[in-house]
Amino acid sequence: MIILDNSVLSAFKHLKLLPKLKLLISSATISKEVFNEYSKQWKRRIPKWINIVQPNEERVLDPIPVSLSMADISLIRLALELKIPIASDDKPLRLYAMDLGISVIGSLALLKLLYQKRIIKNRKEYLTSLETLQEDIYLSEKLMKWALEE
Amino acid sequence: MVEKITVKLPAELLELTGLTSKSLEEKSLLIWILDLYAEGKISLSKAANLLDMKVDIFLAEFYRRHLKHVGGPESVEEAQKEFDLAQKLTNDK
């Protein structure tokens, strides 16, 4: 089980790989806040393998960085409550989560795993996905080299 | 309610852009937020919230300008750690 934030959800939607992500992780969790703010279209189209869970609001998180939204904080609360990682590419969210001892996974690691498990079946498709991800996120040469290692 | 501040811009911008004061204000805010998001200083969700937009609409503006944002792992070691964790999670499922 993993929590998806808006950045990873958007990245995989942009990559057109959400159905393949499902094959990898089976199910994922988002909060109601993330669901509400993602898209007007989501209300008709949210995949069934993405569960909407509300965190316990009583947990006190202080100080909350101004760089984060209430939806981000709801995911932090969920991760602390369920003791599961957050998938995020957002630097402020990743740093705050890691400070609280929450494990974080980014789109690049998930993408590489999709290829290594041959859910992305061929290298050409993998390279196209990496290029598309690179259009969205700065990936250093070293990270690209790592991503291309078999 | 979000607290607001006032900023001053050259009046010539109205003529140069053909925008109304209101549209210029909205466009200035959009450019600022796109920049903050690209630099990794605010989350995607925060960026959309500050503009009172849905996330997909904000991203459409971001992609339209061919921008990239600072995010994800900062080193190969961090990426490998994330990969190992993802592998463990998917093996355990």
Side-chain angles (χ1 to χ4, degrees), chain A residues 1-2 5-7 9-11 13-14 24-27 33-34 36-42 65-72 75 84-85 87-96 103-110 112-114 116-117 133-140 142-143 145-147, chain B residues 1-5 29-93:
Chain A
M1 181 76 92
I2 195 165
D5 87 332
N6 265 316
S7 64
L9 205 52
S10 306
K13 199 150 188 277
H14 189 58
L24 181 72
I25 62 176
S26 300
S27 67
E33 285 88 345
V34 168
N36 285 340
E37 73 179 18
Y38 183 74
S39 163
K40 284 180 183 168
Q41 295 175 340
W42 263 132
V66 71
S67 55
L68 300 180
S69 70
M70 291 318 290
D72 297 322
L75 298 182
I84 56 175
S88 175
D89 291 324
D90 271 344
K91 190 176 176 182
L93 180 57
R94 289 167 60 93
L95 292 176
Y96 188 58
S103 299
V104 173
I105 299 172
S107 295
L108 185 62
L110 291 169
K112 182 168 177 167
L113 193 56
L114 280 175
Q116 289 225 338
K117 288 192 176 267
L133 186 64
Q134 212 179 8
E135 285 170 11
D136 184 27
I137 306 175
Y138 286 106
L139 295 173
S140 67
K142 284 181 181 174
L143 278 171
K145 194 179 162 200
W146 172 82
Chain B
M1 190 65 163
V2 179
E3 193 184 343
K4 304 248 170 139
I5 56 167
L29 180 61
L30 173 64
I31 291 167
W32 266 110
I33 302 298
L34 286 165
D35 192 49
L36 284 171
Y37 175 63
E39 289 180 7
K41 291 184 175 165
I42 55 174
S43 71
L44 174 58
S45 165
K46 181 74 178 192
N49 284 189
L50 285 169
L51 291 162
D52 198 20
M53 281 179 179
K54 293 287 183 190
V55 165
D56 60 343
I57 304 293
F58 172 76
L59 278 176
E61 294 286 347
F62 190 74
Y63 293 140
R64 196 161 65 85
R65 290 165 173 80
H66 304 287
L67 296 169
K68 290 184 184 188
H69 76 104
V70 175
E74 290 179 6
S75 66
V76 167
E77 293 72 26
E78 195 177 338
Q80 185 63 48
K81 193 177 152 193
E82 293 178 18
F83 178 83
D84 293 343
L85 176 61
Q87 198 162 37
K88 185 177 180 301
L89 283 174
T90 53
N91 289 341
D92 290 349
K93 77 180 181 191

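Within every chain, numbering begins at 1; the chains are lettered A, B, ... in the order of the sequence lines, protein sequences first and strands thereafter.
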Residues passing the salt bridge (Lys or Arg N to Asp or Glu O under 4.0 Å) test with A/Glu33, sequence neighbours excluded, are none

With respect to chain A, which residue among B/Gln87, B/His66, B/Glu82 yields the maximal number of heavy-atom pairs within a distance under 4.5 Å? B/Glu82

Considering only heavy atoms and a distance below 4.5 Å, find which of B/Gly71, B/Pro73, B/Gly72, B/Ser75 pairs most often with chain A. B/Gly72

Which pair of non-hydrogen atoms, one from B/Ser43 and one from A/Ser69, has the smallest distance, and what is that distance? OG-N, 4.1 Å

Please look at B/Leu67 and chain A and tell me whether the side chain, the backbone, both or neither of the residue comes under 4.5 angstrom of a heavy atom of that chain. backbone

Bottom line for B/Gln80: the part with an atom under 4.5 Å from chain A's heavy atoms is both

How many angstroms lie between atom [atom1] of [X] and atom [atom2] of [Y], to the nearest 0.5 angstrom?
X       : Y        : atom1 : atom2 : value
B/Leu85 : A/Ser103 : CG    : OG    : 5.0 Å
A/Glu37 : B/Asp52  : CD    : CG    : 11.0 Å
A/Asn6  : B/Ser45  : CG    : OG    : 5.5 Å
B/Lys41 : A/Ser67  : NZ    : OG    : 11.5 Å

When heavy-atom pairs shorter than 4.5 Å are enumerated against chain B, which of [options] gives the highest number?
options                               : answer
A/Leu108, A/Val66, A/Leu133, A/Leu95  : A/Val66
A/Lys145, A/Met70, A/Lys112, A/Lys142 : A/Lys112
A/Asp89, A/Leu93, A/Ile84             : A/Asp89
A/Pro85, A/Ala11, A/Ala71, A/Ala147   : A/Pro85

Trace of the side chain to side chain contact (heavy atoms under 4.5 Å, CB included) decision for B/Lys68 with A/Leu139: CA-CA 10 Å; B/Lys68 290 184 184 188; A/Leu139 295 173; over 6 Å; no

Contact residues of residues 32-40 of chain B (partner chain A; heavy-atom separation under 4.5 angstrom): B/Tyr37, B/Ala38, B/Gly40

Which bit of A/Ile2 comes within less than 4.5 Å of chain B, counting heavy atoms only: side chain, backbone, both or neither? side chain

Would you mind checking which part of A/Pro65 comes under 4.5 Å of any heavy atom in chain B, side chain (CB onward), backbone (N, CA, C, O), both or neither?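 Neither; nothing under 4.5 Å.
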
Going by the rule side chain to side chain contact (heavy atoms under 4.5 Å, CB included), which residues pair with B/Ala86 if we only count those two or more places apart in sequence or in a different chain?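 B/Ala86 satisfies side chain to side chain contact (heavy atoms under 4.5 Å, CB included) with A/Ile105, A/Leu110, A/Leu113 once adjacent residues are dropped.
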
With sequence neighbours left out, what residues match B/Lys81 under side chain to side chain contact (heavy atoms under 4.5 Å, CB included)? none

Below 30° counts as parallel, above 60° as perpendicular, anything between as tilted: where do the rings of A/His14 and B/Tyr63 land?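 Aromatic pair A/His14/B/Tyr63 classed parallel.
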
Hey, are A/Lys117 and B/Asn91 close enough side-chain-wise for a donor-acceptor pair under 3.5 Å?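 Distance-only check passes for B/Asn91 and A/Lys117.
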
Quick check: do B/Glu74 and A/Lys91 have side-chain heavy atoms less than 4.5 Å from each other?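 With C-beta onward as the side chain, the pair touches.
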
